[in-house]
Amino acid sequence: MLTLADVAKSYGTRELFSEVSLFVARTDRFGLVGANGAGKSTLFNLILGEETADEGTIEWERGADFGYLPQESAPVGDETVLHIATSGKKLMPETDEDYDIDWTLEPRAKKILSGLGFRETDHDRPAKSFSGGWVMRAHLARLLVSEPALLMLDEPTNHLDLEALLWFQEYLMRYPGGLVIISHDREFLNSLCNGILELSGGTLNRYTGNYDDYLLEKVARKEQQASQFKNQQREIAHLQKFVDRFGAKASMASRAKSKEKQIERLKEEAVEEPMEQLKRVNFRFPQPPRSGLKVVKLEKIKQAYGDHVVYENLNFEAERGQKIVLVGPNGAGKSTLLKILADVIPIQGGVRDLGSNVIPGYFAQNRADNLKLDMTVMENVMELRTAENLLTEQQARAVLGGFLFRKDDVFKKVSVLSGGEKSRLALARLLINPPNLLLMDEPTTHLDIASIDALLNALKQYEGTFIFISHDVYFIRQLAKSVLHVHSGRLTPYSGDYDYYLEKSKATSARAALTAGFTDARPKQAAAPVAKPAAATKPNPADIKKLRTEVGHLEEKVSQLETKQNELTSELEAPETYNSPGKAQHLNRELSVIVDQLASATKAWETAAGKLSELEKA
């Protein structure tokens with residue numbers, strides 16, 4: 001579909017990359033990785049034609065189309081959510097032979113919007129009434145509805161909650177086209193990719209397999225390169241020793257000259273010494289003051305949002321040194337529990353009690369909640385100066401330097417920072433007055449993989465109490481020593497790591513278990529006394545008549561859908577169908593929708609017919 005040959009791009013004197021060559025086939029599913037600033041988004045812009053390469057060529061196969069999701073969406077006007085989702089395809093035919101019209105467009109768009117978290121009542125609402133993250137979901141729906149041959153997605157999971165992410169991941173696993181995805185989510189890349197493209201040191205390297213395979217192959221390549229480099233340097237040094245010793249002797253001059261030419265050839269062909277990444281987030285949490293054994297205790301907590309009661313008589317206790325991950329369905333109250341523990345929202349009932357010498361620190365999911373947007377990076381750190389820490393500007397620069405804020409970067413307004421930069425600044429602030437009760441809500445969002453690794457290493461050495469929420473399974477497995485399942489206002493503790501939780505909860509997958517509501521994992525309640533069955537009542541004839549009518553309508557609907565399914569299948573089996581461009585693709589899409597509708601109608605008929613049978617027997 002896409003060919004890049006010797007592509008180069010520079011900004012002023014800074015060369016971003018050069019000699020980038022790549023072939024993308026229809027079956028390729030690539031993850032594009034690299035440090036922030038390596039040029040991943042720029043490479044996307046070159047492919048899309050939004051920027052021009054300094055050198056090289058970029059060619060698309062004739063007829064290949066693509067869909068692109070940027071990190072941030074453009075402002076929207078008065079269009080509705082459903083209008084955005086269906087805007088990638090024509091709605092009315094232009095000619096009798098126009099098979100590009102997809103009559104299943106609106107049903108598919110609604111199904112995809114539902115998977116991405118929109119309610120049916122949201123479809124006709126103006127998109128501008130939603131937050132930027134939800135607008136991004138609407139644009140993502142548009143791409144999925146239009147089904148381009150190649151999807152190019154720049155950090156698509158940043159704006160998705162976990163349930164929407166799970167649905168999206170499953171959808172992409174069945175997607176018929178090619179994928180190129182920029183993402184920092186290892187689980188996402190492992191599930192979807194059959195190749196990894198790494199932008200590093202101005203070059204693009206291709207690896208076979210998923211992200212875990214890439215890590216193993218990268219180490220092997222680096223070791224091989226280091227070995228080749230050492231052998232070549234050893235040979236060059238040996239030849240140079242001969243030249244230095246005998247170059248001035250007339251009898252050996254010709255042989256010394258030959259050795260010099262050999263050295264030149266070796267230098268031209270020599271592999272480069274493996275380079276380490278220069279720009280890496282590098283920090284460790286200063287060990288906080290030691291707290292008492294009992295760190296925080298909640299007793300009979302009540303919390304509600306209007307009529308929606310999140311917690312009633314909630315009890316919870318955490319001890320020094322625990323590392324607890326909160327899991328459970330969206331809306332179960334995980335973030336609310338974290339905010340109650342952090343004392344950032346007032347509780348409506350009960351008692352929150354901090355232990356002796358406890359210093360809480362809260363890392364919000366919305367980084368702006370932790371930062372002053374109208375102040376500079378430096379001012380956001382210096383405002384934490386106290387009589388105890390006596391923070392100097394030089395010390396602040398040292399901390400910020402560890403998070404890649406260097407030289408004049410410290411004078412940037414926070415309002416102009418990227419999502420990743422805001423996350424790094426929020427982390428830097430935690431180091432100024434290190435808490436011994438650390439509460440983090442989705443700490444890896446907007447961080448690249450190298451930064452996530454740096455955060456992991458720091459948190460592994462952290463000796464305080466750590467309670468967090470994350471949808472990054474790798475991050476959870478590395479850190480969590482116990483799991484707290486939150487569901488329907490109740491907390492179920494698991495006194496083991498995440499794999500222990502998976503085993504006990506009998507989860508179907510590591511990621512799905514993060515949002516599951518396992519009723520069988522709750523403590524067993526005392527059995528309620530069994531009530532005597534009420535005397536049987538004779539069914540209402542009107543109810544039976546109504547149900548018979550419903551069953552009849554459903555039987556008719558199932559019959560019609562089966563007929564339509566057979567017609568479409570016959571058309572797809574006919575050779576002449578493939579003489580009309582686009583017709584087979586249109587028929588396949590229509591058949592997919594009919595199959596879904598038939599399954600739904602059949603299930604509804606079986607349910608109604610079962611109820612009718614029970615009533616008629618009564």
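The chain is numbered in sequence order, starting from 1.
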Side-chain donor-acceptor contact under 3.5 Å, Lys481 with Gln322: no
Evaluate the criterion side chain to side chain contact (heavy atoms under 4.5 Å, CB included) for residue pair Trp167 and Glu170; output intermediate values, then yes/no. CA-CA 5 Å; Trp167 178 90; Glu170 288 292 324; 5.9 Å; no
For Lys323 and Leu459, indicate whether the former's side chain and the latter's backbone hold a donor-acceptor pair under 3.5 Å. yes
What distance do Ile182 atom CD1 and Asp154 atom CG have between them, rounded to the nearest 0.5 Å? 3.5 Å
Examine distances only and state if a side-chain atom of Lys40 and a backbone atom of Gly34 form a donor-acceptor pair shorter than 3.5 Å. yes
Could you give me the CA-CA distance, side-chain angles and deciding distance for Arg352 and Asp343, then say whether side chain to side chain contact (heavy atoms under 4.5 Å, CB included) is met? CA-CA 8 Å; Arg352 169 188 178 268; Asp343 199 22; 3.3 Å; yes
Checking side-chain polar atoms at under 3.5 Å, does Gln169 have a donor or acceptor matched by the opposite partner on Ser191? yes
Leu384 and Thr386, any side-chain heavy atoms less than 4.5 Å apart: no
N-O pairing of Arg429 and Glu383 below 4.0 Å: yes
Tyr498 and ring-ring contact (aromatic ring centres under 6.0 Å, His included): which single residue from Tyr501, Tyr494, Tyr500 fits? Tyr501
Check whether Gln287 reaches the backbone of Glu463 with its side chain - one donor and one acceptor, N or O, closer than 3.5 Å. yes
Polar side chain donor-acceptor pair, Thr157 to Asp185, under 3.5 angstrom: no
Between Ser291 and Asn357, is a side-chain hydrogen bond (donor to acceptor under 3.5 Å, both in side chains) present by the stated rule, with each step listed? CA-CA 5 Å; Ser291 70; Asn357 199 33; over 6 Å; no
Just by distance, no angles: are the side chains of Asp124 and Thr80 close enough, under 3.5 Å, to form a donor-acceptor pair? no
Should Asp374 and Lys413 count as an ion pair when the cut-off is N to O under 4.0 Å? no
Could you please spell out the steps behind the side chain to side chain contact (heavy atoms under 4.5 Å, CB included) verdict for Glu120 and Ser114? CA-CA 7 Å; Glu120 192 171 346; Ser114 175; over 6 Å; no
Treating Glu187 as the side-chain partner and Asp472 as the backbone partner, does any N or O pair qualify as donor plus acceptor under 3.5 Å? no
Using the ring of Tyr474 (Phe, Tyr or Trp, six-membered ring only), decide whether Arg186 places NZ or CZ under 6.0 Å from its centre and within 45 degrees of its axis. yes
Taking the side chain as C-beta and beyond, is there a heavy-atom pair between Lys300 and Asn315 under 4.5 Å? yes
Is Lys412 salt-bridged to Glu421, cutoff N-O under 4.0 Å? yes
Electrostatic pair Glu379:Lys372 at N-O distance under 4.0 angstrom: no
Sub-4.5 Å side-chain heavy-atom contact between Leu116 and Trp134: no
Before you tell me yes or no, could you show the steps for Asn194 and Asn210 under side-chain hydrogen bond (donor to acceptor under 3.5 Å, both in side chains), namely the whole-Å CA-CA distance, both residues' side-chain angles and the distance that decides it to 0.1 Å? CA-CA 5 Å; Asn194 57 24; Asn210 62 19; over 6 Å; no
Any non-hydrogen side-chain atom of Asn436 less than 4.5 Å from a side-chain atom of Arg290? no
Leu425 vs Phe405 side-chain heavy atoms within contact, under 4.5 Å: yes
Is there side-chain contact between Leu400 and Asp409, with at least one heavy-atom pair below 4.5 Å? no
Exercise: do Glu198 and Tyr214 side chains pair donor with acceptor under 3.5 Å: yes
Aromatic ring proximity, centroids under 6.0 angstrom, Phe468 and Phe466: yes
Before you tell me yes or no, could you show the steps for Leu430 and Phe363 under side chain to side chain contact (heavy atoms under 4.5 Å, CB included), namely the whole-Å CA-CA distance, both residues' side-chain angles and the distance that decides it to 0.1 Å? CA-CA 8 Å; Leu430 286 175; Phe363 190 80; 4.0 Å; yes
Under a 4.5 Å cut-off applied to non-hydrogen side-chain atoms, are Asp453 and Ile449 in contact? yes
With a 6.0 Å cut-off on the ring centroids, do Tyr171 and Phe168 count as close? no
Rounded at 0.5 Å granularity, tell me how far CG in Leu341 sits from OG1 in Thr336. 11.0 Å
With a 4.5 Å cut-off on side-chain heavy atoms, are His485 and Leu491 touching? no
